Amino acid sequence: MGWFSSGSPSPPLPPKPADPKPSSDGAYVAPNRTSRALCYEARDAFFECLDRHSILDPITDKSAADKACGKLDEEFEKNCAGSWVQYFKQRRVVEFKKEQTIKKIEAEGGEVYPPGRLPPR
Amino acid sequence: MSRPCLAISRTVKTLRPAAGLSSELHASRFLTRPSKRTFTTSRSSNFVTRQQMIEYGSLWKARFERIREAERQKVRSFRTSCRSVTAQSSRAFSSTPARLKVRTVQQARSRYLSGPFSMAAGVLFLIVGAGLTIYFRLEKDRLARKRIAEQTKGIGKAKVGGPFDLIDQDGNRFTSEDLLGKYALVYFGFTHCPDICPDELDKMAVMIDLVKNKCGNVLRPIFITCDPARDTPAVTKEYLHEFHPDIIGLTGEYENIKQTCKAYRVYFSTPPNVTPGQDYLVDHSIYFYLMDPEGDFVEAIGRNFTAEEAAKVIQSHIKDWRGYLDKK
């Protein structure tokens, strides 16, 4: 997607937020609020691009996703930990299927309640 | 006053004569027979002549007429008692003294028109009705909460929760004993959680402040990691600091965490052997567990609750608590 970006050289990249940093006792700290926000932003941009190109699953449709939104995918993977990228991509499919199921049930006249709460009496 | 009276008198008119008549007739039959038997002649006492039958007939007719006349009289007097407001002594079916004290004809007429209703009675009725409705509704809610608390309070051993031995974010030992005295809001998660845990912990922070404002310092928020390999006390401390300073973050040995998760019925899928810096996710249940000051499980609050709703649930349970509660 290089032809969409402006001609100016990209600013120097901040250190990859997904990189684990050691904490005072040697273990690696978890991503903080800022790095999480960066990750979510990159994810949303990538998923929005997939929506535009009607690609649901970027894992099975990897070639199509790379072709359409490769640059954003790179950004996404740079800003999020590998496990998160995997998780969000899988979750996108799960969420879509869930929505479809709920729509189907509601079209058939059923009602879907969130788990844990009883339907109103 | 007039309409109910008329209705009553009408029913009396339709019901009483028949009832009275049949009982009278039965009585007359029983009365006449023994009188016949007193003449102990050779004739059978059951034998009745034609002359006697005619006599009986006229006797019944006369009785019937008498009873009817008496009933009519009763109805008539009842009606007049209903109509004449001042005639209190003739109220046939009431033994209570009349409350009605009417001085003028206008008063009597307005009484007659409005019946037993008045403004004061109406207002009183509405106030009492509204009061009772509100009371019963509150009482119903309270009983529902009590039922949940009682239901989840296991008999003997607690069904959810139990003893644990972990380390807090400052490296000090923290056991289940340290939970006692206050309500505890327990959440299981891990610091490398992509999206659900941070959202839930943000909600937890709002809940903590809401409950604190309403009920005082009676809630101990606890975060227990499901990922002890990566979540050391220092990591947990740094992570939780972003959400709320009150949250106590607990970690520990793999076995201790596993046992705690089992006690709280938390699904737990952390691999036992991971190298530092390894990138993986942990599956875990996402409920807030509310525990009472005696360490017993009260209620699980799911993701579908907003922070405000969850805070309300917690506050109601705290208000229901009658035992010891540490407010320091």
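These figures come from a predicted structure and were not determined experimentally.
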Taking every non-hydrogen pair under 4.5 Å, which of D202(B), T236(B), I301(B) racks up the most with chain A? D202(B)
Short side-chain to backbone donor-acceptor contact, W84(A) and D195(B), under 3.5 Å: no
Quick check on [X]: does its [atom1] atom have over 12 non-hydrogen neighbours (other residues, nucleotides or ligands) under 6.0 Å away?
X       : atom1 : value
E177(B) : CD    : no
E106(A) : CD    : yes
K98(A)  : NZ    : no

At a heavy-atom separation under 4.5 Å, does [X] approach chain A through its side chain, its backbone, both, or neither?
X       : value
F243(B) : both
D227(B) : neither
Y239(B) : side chain

Pair D199(B) + R36(A): basic N to acidic O under 4.0 Å: no
Under the side-chain contact (heavy atoms from CB on, under 4.5 Å) rule, what do H241(B) and N32(A) come out as? Steps first, then yes or no, please. CA-CA 10 Å; H241(B) 187 74; N32(A) 61 13; over 6 Å; no
Do you know which two heavy atoms are closest between T191(B) and P31(A), and how far apart they sit? O-CD, 4.4 Å
